[in-house]
Peer 1: 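Let me begin by handing over the structure; questions about it come next.
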Amino acid sequence: MSKKRILTTSMGDQTLRLLTLLMAVSVLVLMAWMGWQMFDAARLSIQKFGLSFITNRVWDPVKEQFGALPFIYGTLVTSLLALLLAAPIGLGVAIFLNEMAESKFRAVVGFLVEMLAAIPSVVYGLWGIFVLAPWLRETVEPGLAKWLGFIPLFQGTPVGFGMLAGGLILAVMILPTIAAISREVMAAVPNMQREAALALGATKWEMIRVAVLPYAKSGIMGGIMLGLGRALGETMAVTMVIGNRPDILPSLFAPAYSMAAVIANEFTEATYDLYLSALVEIGLILFGITLVLNFFARLLVWSVARGPKGGNVV
Amino acid sequence: MFRKKRRLLAHVLTAVLMLSFVGCGEKNSGTLTSQGQAETVSLTGSGSSFVYPLLNQQIEEYRKGNSNITINYQSSGSGAGIKQVSEQTIDFGATDGPMTDEQLKSTKGGQLLHIPLTLGAVAVTYNVPNAPKELKIGPTVLADIFLGKITNWNDQQIANDNPGVSLPDSKITVAHRSDGSGTTYIFSDYLSSISPEWLSKVGKGTSLNWPAGLGGKGNAGVAGVIQQTSGSIGYLELAYATQNNLSYAMMKNKEGKWVPPSLQTTAAAAAAATIPDDMRVSIVNAPGADAYPIAGFSWALIYKDQTDKAKGTALVNFINWSIHDGQALSEGLHYAKLPASLVSREEEMLKSITFQGEPLIK
């Protein structure tokens, strides 16, 4: 069948093939070009600081000292925190909507959850300043300090603005991505799977665990990774609540800084070439981290997808 | 079917080609109108976001009498303004911090002039429960708070300046701008001028390595942190602080007088300061009994030798209008007026701007 098609390709098909190929290649070219441009613009800083740029903790534009470590740390920790909070909740939302909820309820709640993705990030940021940060300072952080204060993560004065606020706001922002994608892939699980599990006497939870989740796991992973991508690059909402302090402190209550935020904050007033170059190098590192993480995510999805489709026997 | 597809493809291709031509066309038309037709002139400027509201209003007003002149000013930040004017991609720049000697040497179009457009002041605002509206904060106390050395509102040094006021036992949270800003430049310029420790540890600039506190994005971000955090202190553009009804502190000026920030005290600082011929001057901690100590100029950056007669004339005329009649718009927008003595000196400066050796206005 397929051989026959190739033999009889028409002129139109060939043009289409060429056009779509061009489009596919243009994405690669664009990426390579962006990487090269960024590398070129960051050259001054790369030559001056070398690897110490990544390990240095001081960011002082007045004394021309630039180190990216606090920003890398801030981005990774807030994103990880967001993922830890949003992945289980997003998955729970998807399971509930798909497997448990009444169909009317499902449509309404599903719509509302997806609406979260449509809210502009600056609005999240404002909400963060006026609602989330005061709530964290007055209620959550003192509570955490009281009950879990023996862990360094939850020590220090509650300020509201800081790593915890950044992670929480990111969690809210990536929740709809994770929930919506997980829901879609779960909806794609054939009903036969569920019926078979139920027919064997499985409870609802067993049915979900044995028949639905294993079938959908690669898609769910993909959704989580998309969420992670959004968290790594998010700028506006984070910079409004994270406290913007390039420091590495063990406490989640302490102010921190992220890579995207420092670029957005300081780019317009970067008055000399080395400064501008250092900011571009941070952009380059962010670009690199996103690529590497995506690569590992792909690898993970690929290895998961190759595993057995069905679950273990209960 | 087949023919239809091909026709569609042809349409798509022509559309793509046409779009790319339109793109090229737009690029050319800009230079054509400014050179080909003598009457209409379009000027592009970029830089300081602090002067943007004033400049924008001035441009609108100016165009009422000069509809042939279009002026497009983008508030891209002082750093971007300096960069673009140095590379001659715009007709004029605007900045809140003067260019350094080094930066002035590397301009593409020769000598750049600094022409003061307006004046700004930075107010120190705070949110302390039960504190009076105009708390007095002395210079060293302010520096020590921002250095992270004074950490509680009940500190004896704060109490010394405010007899009869009881301040709570509350931790001080310092808030500063996280985005690069002329406001930060003026504020750190002031701290550097009164505290040797600040000068050596931190210095002055549009972005700093802050020894304490947390950063908010923009005036709004800092105001948000201050309003939401009990025990906080920060700095804001005066206009922003007054418009939002925040309490601001009185500062001790060079003469030892306590002065609140206002348009009058800011203008007094400019009037009392000694201003050099190139106008690149810091007026923080200016002398004069009424002078508010945390103030600074915003300058237009204009090349002394203009390369286009029509554009150059239009630019010089507009700036001349801006420092004279245009100042009438200042106070309504919470900017201080340029002192008269300075305006006449600026006028001389504008007269020195030439096209091929000929001055553009007389």
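Numbered from 1 within each chain, the chains take letters A, B, ... in sequence-line order.
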Peer 1: If you compare all heavy atoms of Pro134(A) against all heavy atoms of Gln228(B), which two are closest, and at what distance to 0.1 Å?
Peer 2: CG-OE1, 3.1 Å
Peer 1: Most heavy-atom pairs under 4.5 angstrom with chain B, which of Val159(A), Asp247(A), Val262(A), Ile129(A)?
Peer 2: Ile129(A)
Peer 1: Using only atom types and a distance under 3.5 Å, with no angle test, would you say the side chain of Glu266(A) pairs donor to acceptor with the backbone of Gly180(B)?
Peer 2: no
Peer 1: Under a 4.0 Å threshold between the charged nitrogen and the carboxylate oxygen, would Asp60(A) count as salt-bridged to Lys201(B)?
Peer 2: no
Peer 1: Run the side chain to side chain donor-acceptor pair (under 3.5 Å) check on Ser178(B) and Tyr257(A) step by step: do they pass?
Peer 2: CA-CA 10 Å; Ser178(B) 62; Tyr257(A) 219 149; 4.6 Å; no
Peer 1: Does any backbone or side-chain atom of Phe130(A) lie under 4.5 Å from a heavy atom of chain B? Answer side chain, backbone, both or neither.
Peer 2: both
Peer 1: Taking atom types as modelled and ignoring hydrogens, do the side chains of Tyr272(A) and Thr100(B) form a donor-acceptor contact shorter than 3.5 angstrom?
Peer 2: no
Peer 1: Could you check whether any side-chain heavy atom of Thr268(A) comes within less than 4.5 Å of a side-chain heavy atom of Ser76(B), counting everything from C-beta outward?
Peer 2: no
Peer 1: Are any non-hydrogen side-chain atoms of Asp273(A) and Lys83(B) less than 4.5 angstrom apart?
Peer 2: yes
Peer 1: Taking the side chain as C-beta and beyond, is there a heavy-atom pair between Val225(B) and Phe161(A) under 4.5 Å?
Peer 2: yes
Peer 1: Of the backbone (N, CA, C, O) and the side chain (C-beta and beyond), which part of Lys171(B) lies under 4.5 Å from a heavy atom of chain A, both, or neither?
Peer 2: side chain
Peer 1: Side-chain contact test, heavy atoms from C-beta onward, threshold under 4.5 Å: evaluate it for Thr229(B) versus Arg137(A) and give yes or no.
Peer 2: yes
Peer 1: Provide the closest heavy-atom pair for Asn209(B) versus Pro61(A) in the form atom of the first, atom of the second, distance.
Peer 2: N-CD, 4.2 Å
Peer 1: Could you look at Ser232(B) and say if it's the side chain, the backbone, both or neither that has a heavy atom under 4.5 Å from chain A?
Peer 2: neither
Peer 1: Determine whether Tyr275(A) and Ser207(B) make a side-chain contact, defined as any pair of heavy atoms from C-beta on separated by less than 4.5 Å.
Peer 2: yes
Peer 1: So which part of Gln103(B) gets closer than 4.5 Å to some heavy atom of chain A, the side chain, the backbone, both or neither?
Peer 2: side chain
Peer 1: Between Leu276(A) and chain B, which part of the residue has a heavy atom less than 4.5 Å away: side chain, backbone, both or neither?
Peer 2: side chain
Peer 1: Mind checking whether Asn265(A) and Lys217(B) have side chains closer than 4.5 Å, heavy atoms only?
Peer 2: yes
